[in-house]
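Sequence lines set the chain letters: A, B, ... in the order given, protein chains first and strands last, and positions in each chain run from 1.
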Number of protein chains: 4
Amino acid sequence: MALADPQDTARRRAPRVDAIRNREAIVEAAAEVLAEQGTAVDVREIARRGGVGMGTLYRHFPKKEDLVRTVLHQDFTRWADSARRAAADAEDPWAALTDFYEQALAGYARHRAIMENFELTWAEPDLDGIRQLRLVIDELCARAGAAGLLRPGVTTDDLLLLLVSLGHAVRITDDCRPRMWTRLLHISLDGLRPDHRGPLPDGTAPVGRTPEAPESPPSH
Amino acid sequence: MALADPQDTARRRAPRVDAIRNREAIVEAAAEVLAEQGTAVDVREIARRGGVGMGTLYRHFPKKEDLVRTVLHQDFTRWADSARRAAADAEDPWAALTDFYEQALAGYARHRAIMENFELTWAEPDLDGIRQLRLVIDELCARAGAAGLLRPGVTTDDLLLLLVSLGHAVRITDDCRPRMWTRLLHISLDGLRPDHRGPLPDGTAPVGRTPEAPESPPSH
Amino acid sequence: MALADPQDTARRRAPRVDAIRNREAIVEAAAEVLAEQGTAVDVREIARRGGVGMGTLYRHFPKKEDLVRTVLHQDFTRWADSARRAAADAEDPWAALTDFYEQALAGYARHRAIMENFELTWAEPDLDGIRQLRLVIDELCARAGAAGLLRPGVTTDDLLLLLVSLGHAVRITDDCRPRMWTRLLHISLDGLRPDHRGPLPDGTAPVGRTPEAPESPPSH
Amino acid sequence: MALADPQDTARRRAPRVDAIRNREAIVEAAAEVLAEQGTAVDVREIARRGGVGMGTLYRHFPKKEDLVRTVLHQDFTRWADSARRAAADAEDPWAALTDFYEQALAGYARHRAIMENFELTWAEPDLDGIRQLRLVIDELCARAGAAGLLRPGVTTDDLLLLLVSLGHAVRITDDCRPRMWTRLLHISLDGLRPDHRGPLPDGTAPVGRTPEAPESPPSH
DNA sequence: CATGAATGAGGTTTCATTCAT
DNA sequence: TATGAATGAAACCTCATTCAT
């Protein structure tokens, strides 16, 4: 049995060695290109970089979106995994949280496709890869909250939105002012500290002072 | 010279007047469309709404980007103007600052093209319209700082980046969770308060705890 | 007024001269190609024969189907018109009917796209061009029936189906046995003569002798 | 020879037996799919339903057309056989003929590929399967003719073309007006009756009244 | 000078056929 | 020998930009 198995699987798997290599090459190439250029890339560019023909690509991923989803799922998952590990290593819940942001922003904020699709978190909340990341944040939030290190009322959604928001900041400043975003992160994290006991708005009322004549956007 | 010119053009009244009207119609239509749909919009849609032909549009703006820049310049300028007025009306420097954010985010964050192109603030810092907005923020920053209402070390750039960053948050949550962003604004503004005396990073060193193995993004 | 009009229209129409010429060239090329090859043709072939670029074609006809419909409408209409004229010229109702079939089959049965789309007569009965043709047949049917020259119970639908059916016969024999179909037409028309008083089935019951074990098609 | 061969292959059992089984599986699957969807079907669908790989399929049938021909040959043959049997059972020559049409149209007219390729009867007259069907019709024709039940001059080709022609009628009406075609069959069969003594055209001259200006098709 | 028609490269997807395993 | 992955030429359609009128 133990002997037969390798052969048996070999028989079945023989043709697949190439396919698997190709699939991986495609996914890898796509991950590269999607990170660099976002989801608007030409599928041919992916095929070219993966060293495969269009047909091969479309055999593995019948629609461009399938490929994009696969890559995003993979990258989100990797991200979530490494974040989980880092959280486990952290000294205290607050350090876990700050490390998470630092590493997320230093690492994944350049991934155009990830950042592009992060916004779907609210519009289409169950994109599978994002869910995993949300779980990580959920836990970070709970731990810091339980330890009394987090401003009361802060939710996972708040932390997630902060992440996306800062991710955008990273992307737009990264070329010219490489770590300028760390200042913003610092500020935001301080705003999350528990010594701010002022209640957060419920997401329905305006913040700060209500403007009497809420300056409207250009009339167009 | 200064005398002859107006007369000369006045004599052939039609061209200049029409041209100006057309130019304005184009810019107005473009402002509308760019606010709604962002820079990816079809140029023909702009020409159609402006009631002019493609040729006219391209005579005034040889490249799509020229038109986009013009519109953004205008809209940034208008924004800066209204923000300046609002700042003058505010009771105190802190209220001026919070009002500015609230109104900016409630109003201009829906302007797709503005938000899309805000990122050029750092990549291409002299987009003229943005400079004006920056001046307004500069003043808000200075006033709040002088009144001791702002955390030490906060710069105009920080406030600008916060604006862009929150603008992104608005855009991605606006459809599903209309005012969720107010919570993030609250948090960030609290982080800007002067009771946070911890120094901000200089934009070169990592924030929080230095990660020993700064988890890198996917190797691509 | 009479003077102004030409100028006025000229002002508006000037640019269109080309467009109209192109549109006509496209339709003409499409008519050719569709007649020859049916609706499966490559759009580029049409553009090439029309001497225009793809963009021009798609400006006039945003979808391939729009172009196909336009051509079919035009060709069906022409057909219906000429058939109406021919019917008016015919000596008697029977001659009108036989002439119609003869001419239809000699002329339009080679038009692949027309024949392809004829089958939609029942599936999608209101394709506009076909309706006109149906009216012609309706009249032929009524006249012949009123003159007692047509077998009782024959309907427009019967005549239309006969036309499509024989059209198919024409297409498949045309290359090798050019006018073989005339024999079938002869036979069918004789079957339509009023001396056949046997009632036609109502389109629900089997014809001839009911097969005890109605030989089924291959079990697949 | 007859003895050695089976033994020889039996010794290396796998190749021949498998090959035959595969070939049959392919043909069967193809018959199914071709009947359902016509010749435009994707080859992979056939391989999938047959449970074989593309390579196997292409080993047996180097071109898609080879497979199509094989299937059509088989299906035509089966059809011819069952038709022959039915003809033998029929009470009289006329019943044999009408039964043949009724059954053919009720059964095989839904076989998309058969109907599609029936047209090759004249273009490529020696497709072997069709020849067999032709023989059946030949006999039906001869028997009915000999019994004086058929209009003089009617040929096997006429009957064959009628079959194809009505088959087309079946296909295009089957979905919406399931048995409408029986009326057309009735009419055509009546036109074949011997009381129509009018000579049939020889397939070269126009039928009915000669149109003075034989309305030509669109000038293309 | 205004018009809007024309251009054609470029994007995604399908499928008959070949070829490495 | 069987497998099914790989190939790549089309096919349809869009849109920034140019050019004849």
Side-chain angles (χ1 to χ4, degrees), chain A residues 10-23 26 40-47 51-65 67, chain B residues 12 14-16 18-19 22 40-48 51-65 67, chain C residues 10-23 26 40-45 47 51-65, chain D residues 12 14-16 18-19 22 40-48 51-65 67:
Chain A
R11 238 181 267 141
R12 290 266 159 226
R13 268 182 200 161
R16 273 200 180 154
V17 171
D18 271 37
I20 289 175
R21 193 164 49 222
N22 268 330
R23 195 192 147 97
I26 291 167
V41 205
D42 188 341
V43 180
R44 279 135 134 170
E45 171 67 12
I46 299 175
V52 302
M54 293 292 295
T56 304
L57 195 156
Y58 273 88
R59 156 177 289 276
H60 290 286
F61 304 96
K63 302 271 173 200
K64 184 189 186 183
E65 204 195 328
L67 177 53
Chain B
R12 314 180 173 217
R16 202 64 151 223
D18 270 32
N22 271 334
V41 86
D42 189 337
V43 180
R44 287 149 95 177
E45 172 67 12
I46 299 175
R48 206 175 308 127
V52 303
M54 295 290 292
T56 307
L57 194 156
Y58 272 87
R59 161 168 300 278
H60 289 286
F61 305 96
K63 297 274 173 197
K64 186 189 187 181
E65 204 196 327
L67 176 54
Chain C
R11 237 181 266 143
R12 289 267 159 223
R13 269 184 200 160
R16 275 200 179 155
V17 170
D18 271 35
I20 289 175
R21 193 163 49 222
N22 268 331
R23 194 191 147 97
I26 291 167
V41 203
D42 188 342
V43 180
R44 280 135 136 171
E45 171 67 13
V52 302
M54 293 289 296
T56 305
L57 196 156
Y58 275 90
R59 155 176 292 276
H60 290 286
F61 304 96
K63 302 273 173 200
K64 185 189 185 182
E65 203 195 327
Chain D
R12 315 183 171 213
R16 202 67 150 220
D18 269 34
N22 270 335
V41 85
D42 190 336
V43 180
R44 288 150 95 176
E45 172 67 12
I46 299 175
R48 205 177 309 127
V52 303
M54 295 290 291
T56 307
L57 194 157
Y58 272 87
R59 163 169 298 278
H60 289 286
F61 305 96
K63 298 273 174 196
K64 186 189 188 182
E65 204 195 329
L67 175 54

### Query
With B:R44, which residues qualify under side-chain contact (heavy atoms from CB on, under 4.5 Å), at least two apart?
B:D42, B:R48, B:M54, C:R59

### Query
What are the two closest heavy atoms between C:F61 and C:I26, and how far apart are they?
CE1-CG2, 3.8 Å

### Message
Given E:dT18, E:dA5, E:dT3, identify the nucleotide with an atom nearest to the side chain of B:M54.
### Response
E:dA5

### Query
Of the nucleotides E:dG11, F:dC12, E:dA2, which one has an atom closest to the side chain of A:R44?
E:dG11

### Query
E:dT3 phosphate, OP1 or OP2: any side-chain N/O from B:T56 under 4.0 angstrom?
yes

### Query
How long is the line joining CG of D:L57 and P of E:dT18, in whole Å?
13 Å

### Task
Return no unless some side-chain N or O of B:N22 is found under 4.0 Å from OP1 or OP2 of E:dA2.
yes

#### Entry: Expected output: side-chain C:K64 to main-chain C:Y58 donor-acceptor under 3.5 Å
no

### Task
Report the distance from atom OH of A:Y58 to atom C1' of E:dT13, rounded to the nearest whole Å.
5 Å

### Task
Quick one: label B:R59 by what it contacts on the DNA or RNA (base, sugar-phosphate, nothing), any heavy atom closer than 4.0 Å.
sugar-phosphate

### Task
Measure the distance from CD1 on A:I26 to C1' on F:dA5 and round it to the nearest whole Å.
10 Å

### Query
So what's the dot-bracket for DNA chain F: Watson-Crick or G-U pairs under 3.5 Å, [ ] if a pair crosses, | if it pairs off-strand?
.||||||||||||||||||||

### Task
Tell me which of A:V43 and D:V41 sits closer to the 5' end of DNA chain E, going by the nucleotide each one is nearest to.
A:V43

### Task
Calculate the interatomic distance between A:R23 atom CZ and F:dG4 atom P; express it in whole Å.
17 Å

### Task
Between F:dA5, E:dA16, F:dC15, spot the one nearest the side chain of B:D42, thanks.
F:dC15

### Query
For the side chain of D:K64, counting heavy atoms from C-beta on, which of F:dG4, E:dA16, E:dT3 is nearest?
E:dA16

### Length of the CG-C1' vector between D:D18 and F:dT3, whole Å
13 Å

#### Entry: Nearest listed nucleotide, side chain of C:K63, among E:dA20, F:dC13, E:dT7
F:dC13

